[in-house]
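To find a chain, count down the sequence lines: A is the first, B the second, and so on, and within it residues start at 1.
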Amino acid sequence: MPELPEVETLRRELTKAVKAKTVKDFWTDWPKNVKPSASTVKTKIKGKIILDIRRRAKILIIKLSGGNFLLIHLKLTGQLIYQPKKLPATSYKLIAGGHPQKGGLDNLPNKFTHYIFSFSDGAKLFFNDLRKFGWVKLVSKLQADKLVSDFGIEPFTRDFTLKKFTEILQRYPNRKIKQILLDQTLISGLGNIYCDESCFAAKILPTRIARMLKEQEIKRLFLVIPKILKLAIDKKGTSADTYVQLDGSQGGMIPYLKVYGRQKQKCKRCRGLIHKIKLNGRGTHFCNSCQH
DNA sequence: GTGTTTGTTATCAA
DNA sequence: CTTGATAACAAACA
């Protein structure tokens with residue numbers, strides 16, 4: 001699922017692909033998740049130039065000429081796939097049955113394509129979403145600024161300090177550590193994969209209560225979070241589910257995952273067994289031999 | 001037909 | 001105010 005590294009990978013690729021391009025049109029067959037409305041978005045982004053693309057937490061913020069911002073959230077199963085130039089008309093037939101994981105440029109749009117942005121040079125950006133939880137929003141600068149301030153600390157900014165990280169844990173002393181890491185209003189960008197991976201790297205069980213963590217453990221966790229996210233960005237993200245890069249290819253992070261999706265396998269660090277449990281309704285992976 | 005998968009928000013309970 | 005539990009959203013897969 002798209003978390004910080006996946007969204008950041010897409011942001012970088014998207015910047016290279018569409019910055020300075022002019023939006024020609026917008027299409028959707030799922031207007032429910034387009035705000036304020038599909039027709040408003042269509043009308044208001046036509047002819048606008050992509051000035052910049054930023055990211056806040058797991059949201060892409062596309063700055064358009066004219067002062068508005070286009071926000072995209074991929075939620076669980078969203079894909080953004082970019083097609084540089086026009087293919088023969090026959091390639092645009094709606095093709096049913098293609099598994100979204102297969103991605104690819106040659107069979108788009110497919111049955112999971114719910115939004116298409118087209119550009120004046122003929123390029124297209126496909127937003128596919130198997131579960132249809134993802135959304136598109138057009139907002140003013142004021143609304144975009146509010147969104148930015150509503151989220152917690154970004155792990156790659158100066159704001160992410162050991163002091164602030166410690167304060168967060170102290171503010172919610174009775175929460176399990178994973179629950180704090182997952183809370184986007186406290187720390188932004190971590191989802192299920194990188195929470196579990198961060199806890200493993202810090203040798204801390206995700207079930208630990210925040211107030212019980214020792215100073216050294218908090219520090220280990222603090223240091224390991226940006227490290228893991230950086231590695232995941234270097235590898236262009238984790239394609240565990242439907243996530244693919246902007247060109248439709250898979251991310252390369254899976255071989256570097258230590259616990260996520262490795263239940264019943266041997267721990268890469270201590271040869272213990274990786275367990276999977278439910279924690280606050282989430283699948284949670286850990287090694288109970290070397291995480292404490 | 002059932003359980004599983006998960007980001008986010010809403011709602012209700014203690 | 002904190003926390004936990006549950007549902008909702010939607011759809012595929014085993």
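Interface residues of residues 168-176 of chain A facing DNA chain C, ordered by number: A/Tyr172, A/Pro173, A/Asn174, A/Arg175, A/Lys176; criterion, heavy-atom separation under 4.0 Å.
In A/Lys21, the NZ atom is crowded: over 12 heavy atoms of neighbouring residues, nucleotides or ligands sit closer than 6.0 Å. By the neighbour-count criterion of 12 heavy atoms within 6.0 Å, atom NZ of A/Lys268 is densely surrounded, having more than that number from other residues, nucleotides or ligands.
At distances below 3.5 Å, at least one donor-acceptor pair connects side-chain atoms of A/Glu13 with backbone N or O atoms of A/Leu246. In this structure, the side chain of A/Gln291 does not engage the main chain of A/Ser289 through any donor-acceptor pair within 3.5 Å. Looking at A/Asn128, its side chain never comes within 3.5 Å of a backbone N or O of A/Gln79 through a donor-acceptor pair. Of the possible polar contacts, none joining the A/Arg56 side chain to the A/Leu147 backbone as a donor-acceptor pair under 3.5 Å is found.
Spacing between atom NZ of A/Lys178 and atom P of C/dG4 amounts to 14 Å, rounded to whole angstrom units. Rounded to whole Å, atom C1' of C/dA11 lies 14 Å from atom CG of A/Asn128. Whole-Å rounding puts the A/Asn33 CG to C/dA8 P distance at 17 Å. Nucleotide C/dA12 holds its P atom 5 Å from the CZ atom of A/Phe112, rounded to whole Å. Between the CG atom of A/Leu4 and the C1' atom of B/dT8 there is a distance of 17 Å, rounded to whole Å.
Counting non-hydrogen atoms under 4.0 angstrom, A/Asn280 reaches the backbone sugars and phosphates but no base. Counting any heavy atom pair closer than 4.0 Å across all strands shown, A/Trp30 reaches sugar-phosphate atoms only and no base atom.
For C/dA11, one of the phosphate oxygens OP1 or OP2 lies less than 4.0 angstrom from a side-chain nitrogen or oxygen of A/Lys132.
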Without placing hydrogens or testing angles, list every side-chain donor-acceptor pair under 3.5 Å for residues 215-223 of chain A, not counting sequence neighbours.
residue  : atom : partner  : partner atom : Å
A/Glu217 : OE1  : A/Arg208 : NH2          : 2.8
A/Glu217 : OE1  : A/Lys214 : N            : 2.9
A/Glu217 : OE2  : A/Arg208 : NH1          : 3.2
A/Arg220 : NE   : A/Ala202 : O            : 2.8
A/Arg220 : NH2  : A/Ala202 : O            : 3.0

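Under a 4.0 Å N-O distance rule, the pair A/Arg171/A/Glu167 does not qualify as a salt bridge. With respect to A/Lys230 and A/Asp234, no salt bridge is recorded, no charged nitrogen being found less than 4.0 Å from a carboxylate O. Taking the charged nitrogens against the carboxylate oxygens, A/Lys75 and A/Asp129 have no contact shorter than 4.0 Å, which rules out a salt bridge. Ion pair A/Lys85/A/Asp121 not flagged as a salt bridge, since none of the NZ, NE, NH1 or NH2 atoms sits closer than 4.0 Å to an Asp/Glu carboxylate oxygen.
Taking the nucleotide of DNA chain C with the nearest heavy atom to each of A/Gln179 and A/His114, the more 5' of the two is matched to A/Gln179.
Only the P atoms considered, C/dT3 is 24 Å distant from B/dT6, to the nearest whole Å. Atom name P, nucleotides C/dC1 and B/dT8: the rounded distance is 23 Å, in whole Å.
Only one option out of A/Glu154, A/Glu3, A/Glu6 pairs with A/Arg55 in a salt bridge (Lys or Arg N to Asp or Glu O under 4.0 Å); it is A/Glu154.
Between A/Leu10 and A/Leu80, the shortest heavy-atom distance links the atoms CD2-O, 4.0 Å.
Contacts classified as ring-ring contact (aromatic ring centres under 6.0 Å, His included) and involving residues 47-76 of chain A (residues at least two apart or in different chains) are given here: A/His73-A/Trp135.
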At a cut-off of 3.5 Å, list every protein nitrogen or oxygen paired with a nitrogen or oxygen from nucleotides 11-14 of chain B, distance to 0.1 Å.
none

Shorter than 3.5 Å, N or O on both sides, protein versus nucleotides 3-7 of chain B: list them out with atom names.
residue : atom : partner  : partner atom : Å
B/dT5   : OP1  : A/Lys276 : NZ           : 2.6
B/dT5   : OP2  : A/Lys278 : NZ           : 2.3
B/dT5   : O2   : A/Arg131 : NH1          : 3.3
B/dT6   : OP1  : A/Asn192 : ND2          : 3.0
B/dT6   : OP1  : A/Tyr260 : OH           : 3.4
B/dT6   : OP2  : A/Gly283 : N            : 3.4
B/dT6   : O2   : A/Arg131 : NH2          : 3.3
B/dT6   : N3   : A/Arg131 : NH2          : 3.4
B/dG7   : OP1  : A/Asn192 : N            : 3.3

Could you spell out the base pairing of DNA chain C in dot-bracket, with Watson-Crick or G-U pairs whose two distances are under 3.5 Å, [ ] crossing and | to another strand?
.||||||||.||||
